[in-house]
Amino acid sequence: ASANARMTADIDLGDDQTVIGDPYNTKSFAYQGTFDGQGHNLTIAYNVTSGERFATPFSVLNGATIKNLHLDGTVNSTYAYGGSVASILRGSNTIEKIWNSVTAVCTMGGWVQMGGFIGVLENGATTIRDCLYTGSITHSGGYSGYFNGGYGSKPTVENCLVLGTFSGSFEFNGNYSNCYCKHASTTGVTQPTDEQLSDGTIATALQAGRAETFWVQDAGAAEPRLALFVNP
């Protein structure tokens, strides 16, 4: 549960439905280590039937760090929690430099709890920083959010950009700083124009004058990208 890991190549899980962490047991079964994607792609194809949950690579985190990862693929679910990096977060966690382009569909009503990066922060303090969402979420329930699921504690979200598409009821549930969402705005989250996305305004704002390069704007590109990934 506390093992540290690094990806050394792209991985396509194919039809493997295995996820990391078991929320039905004690917190010792939560992932507690550091998982470094090192800029590689993790491709999933989760199909979740009624009564099952957690269509995310990490079902539950408790004191973990997930970073430098491109998450791609599909999720088709008849239950809650899907399409994000992790389903349930407890304790102190960090999600950083994640690019999520997963296409997720959930046919369940009620508390779906899907988000661009995490499903729900049950308790503790989680920080989401320098993350990009370009995927899509379709659902007919509630408690889902552009950045994170809308029910539970509020994570700290910094320097993040959401460009994906959403169908259903979505909301904001977090403490936001220097974040941008193409579809809506709230305190700490700006709704940018297409011109601001294409002319480098948002890339410059997200970079925020830091010495390390986090965000870039390619010549002629319609939107910024995380510098870690070559082809957003």
Side-chain angles (χ1 to χ4, degrees), residues 19-21 30-31 34-37 41-42 44 46 54-62 64-75 77 80-104 106 112-122 124-139 143-166 168 170-184 186 188-189 206 214-215 224-226 228-229 232:
V19 299
I20 297 172
Y31 183 63
T34 295
F35 186 95
D36 186 351
N41 302 334
L42 178 62
I44 61 175
Y46 291 149
F54 313 110
T56 58
F58 299 89
S59 63
V60 59
L61 303 179
N62 191 324
T65 295
I66 313 297
K67 62 182 181 179
N68 305 328
L69 177 66
H70 175 207
L71 181 63
D72 194 20
T74 59
V75 169
S77 174
Y81 305 117
S84 308
V85 177
S87 295
I88 291 177
L89 291 86
R90 304 167 182 146
S92 180
N93 304 280
T94 300
I95 309 290
E96 61 183 357
K97 286 191 279 188
I98 299 294
W99 168 27
N100 183 1
S101 57
V102 169
T103 298
C106 180
V112 176
Q113 293 182 271
M114 302 172 76
F117 306 117
I118 66 174
V120 61
L121 174 59
E122 280 195 342
T126 286
T127 297
I128 304 169
R129 66 167 68 98
D130 293 299
C131 290
L132 170 66
Y133 182 76
T134 62
S136 68
I137 297 176
T138 301
H139 74 93
Y143 299 117
S144 291
Y146 297 103
F147 294 83
N148 59 286
Y151 174 78
S153 300
K154 293 184 177 182
T156 297
V157 188
E158 305 169 341
N159 310 319
C160 290
L161 175 62
V162 167
L163 301 171
T165 58
F166 301 89
F170 290 87
E171 56 189 272
F172 293 98
N173 182 43
N175 297 311
Y176 298 97
S177 175
N178 194 33
C179 291
Y180 302 85
C181 179
K182 193 172 182 178
H183 308 282
T186 188
V189 179
L206 287 164
F214 293 89
W215 295 88
R225 67 172 174 86
L226 282 166
L228 180 65
F229 305 105

task: Compare all side-chain heavy atoms of Cys179 with those of Phe147 and state whether any distance is below 4.5 angstrom.
output: yes
Sequence-distant partners of Ala125, side-chain contact (heavy atoms from CB on, under 4.5 Å), two or more places apart: none
message: What I'd like to find out is whether the side chain of Ile66 reaches to under 4.5 Å of the side chain of Leu61, using heavy atoms alone.
response: yes
query: Do Lys67 and Thr34 come within less than 4.5 Å of each other through their side chains, counting heavy atoms only?
result: yes
field: Criterion side-chain contact (heavy atoms from CB on, under 4.5 Å) on Val162 and Phe117, from CA distance to verdict
entry: CA-CA 10 Å; Val162 167; Phe117 306 117; 4.2 Å; yes
query: Which is it for Ser177 and Val157 under the side-chain contact (heavy atoms from CB on, under 4.5 Å) test, yes or no, and what are the steps along the way?
result: CA-CA 6 Å; Ser177 175; Val157 188; over 6 Å; no
query: Could you go step by step and tell me if Leu69 and Leu42 meet the side-chain contact (heavy atoms from CB on, under 4.5 Å) rule?
result: CA-CA 7 Å; Leu69 177 66; Leu42 178 62; 3.9 Å; yes
statement: For Tyr180, the side-chain hydrogen bond (donor to acceptor under 3.5 Å, both in side chains) test, sequence neighbours excluded, returns Asn178
message: Is there a side-chain contact between Val75 and Ile44 in this structure, where contact means two heavy atoms from C-beta onward sitting under 4.5 Å apart?
response: yes
message: Is the shortest side-chain heavy-atom distance between Ser144 and His139 below 4.5 Å?
response: yes
message: For a 4.5 angstrom cut-off between non-hydrogen side-chain atoms, does Ile128 reach Ile118?
response: yes
- request: Have a look at Val102 and tell me which of Leu71, Thr74, Ile137 forms a side chain to side chain contact (heavy atoms under 4.5 Å, CB included) with it.
  value: Leu71
statement: Shortest non-hydrogen pair, Ile98 vs Leu226, comes out as O-CD1, 3.7 Å
- prompt: Is it true that a side-chain atom of Asn68 and a backbone atom of Gly37 form a donor plus acceptor pair closer than 3.5 Å?
  reply: no
- line: For Ala104 and Gly83 the tightest heavy-atom approach is CB-CA, 3.8 Å
message: Show the nearest heavy-atom pair for residues Trp215 and Pro224, with the distance to one decimal.
response: CE3-CB, 4.4 Å
By side-chain contact (heavy atoms from CB on, under 4.5 Å) - contacts of Leu163 (at least two apart): Leu132, Thr134, Leu161, Lys182, Leu197, Glu223
- request: Kindly write out the residues that satisfy side-chain hydrogen bond (donor to acceptor under 3.5 Å, both in side chains) with Lys97, not counting sequence neighbours, or none if the list is empty.
  value: Glu212
- prompt: Taking the side chain from Asn148 and the backbone from Gly145, do they hold a donor-acceptor pair closer than 3.5 Å?
  reply: no
- line: residues 127-136 vs salt bridge (charged side-chain N to carboxylate O under 4.0 Å, His left out), sequence neighbours excluded, gives Glu96-Arg129, Arg129-Glu158, Asp130-Arg210
message: Tyr46: which residues meet the side-chain hydrogen bond (donor to acceptor under 3.5 Å, both in side chains) condition with it, sequence neighbours left out?
response: none
- request: Report yes if some heavy atom in the side chain of Asn100 is under 4.5 Å from a heavy atom in the side chain of Cys131; otherwise report no.
  value: no
task: Answer whether the closest heavy-atom distance between the side chains of Asn175 and Pro155 falls below 4.5 Å.
output: no
- line: side-chain hydrogen bond (donor to acceptor under 3.5 Å, both in side chains) filter on Ser101, not counting sequence neighbours, yields His70, Asp72
- prompt: Just one of Asn173, Thr126, Leu121 clears the side chain to side chain contact (heavy atoms under 4.5 Å, CB included) bar with Ser153, so which one?
  reply: Leu121
- line: When rounded to the nearest 0.5 Å, the distance separating OG of Ser59 from OH of Tyr31 is 12.5 Å
query: For the atom pair CG (Asn62) and CD (Glu122), what is the distance rounded to the nearest 0.5 Å?
result: 10.0 Å
message: Tell me the closest heavy-atom pair linking Pro57 and Ser84, and the distance in Å.
response: CD-O, 3.5 Å
message: Below 30° counts as parallel, above 60° as perpendicular, anything between as tilted: where do the rings of Phe35 and Phe58 land?
response: perpendicular
field: Under the ring pair (Phe, Tyr, Trp, His ring centres under 6.0 Å) test, residues paired with Tyr133 that sit two or more places apart
entry: Phe166
field: All ring pair (Phe, Tyr, Trp, His ring centres under 6.0 Å) counterparts of Phe214, not counting sequence neighbours
entry: none
message: Return the CD to OH distance between Glu171 and Tyr143, rounded to the nearest 0.5 Å.
response: 8.0 Å
- prompt: Any idea which heavy atoms bring Thr56 and Ser87 closest together, and the distance?
  reply: OG1-OG, 2.7 Å
message: Among residues at least two apart in sequence or on other chains, which ones pass side-chain contact (heavy atoms from CB on, under 4.5 Å) with Ser136?
response: Thr103, Thr165
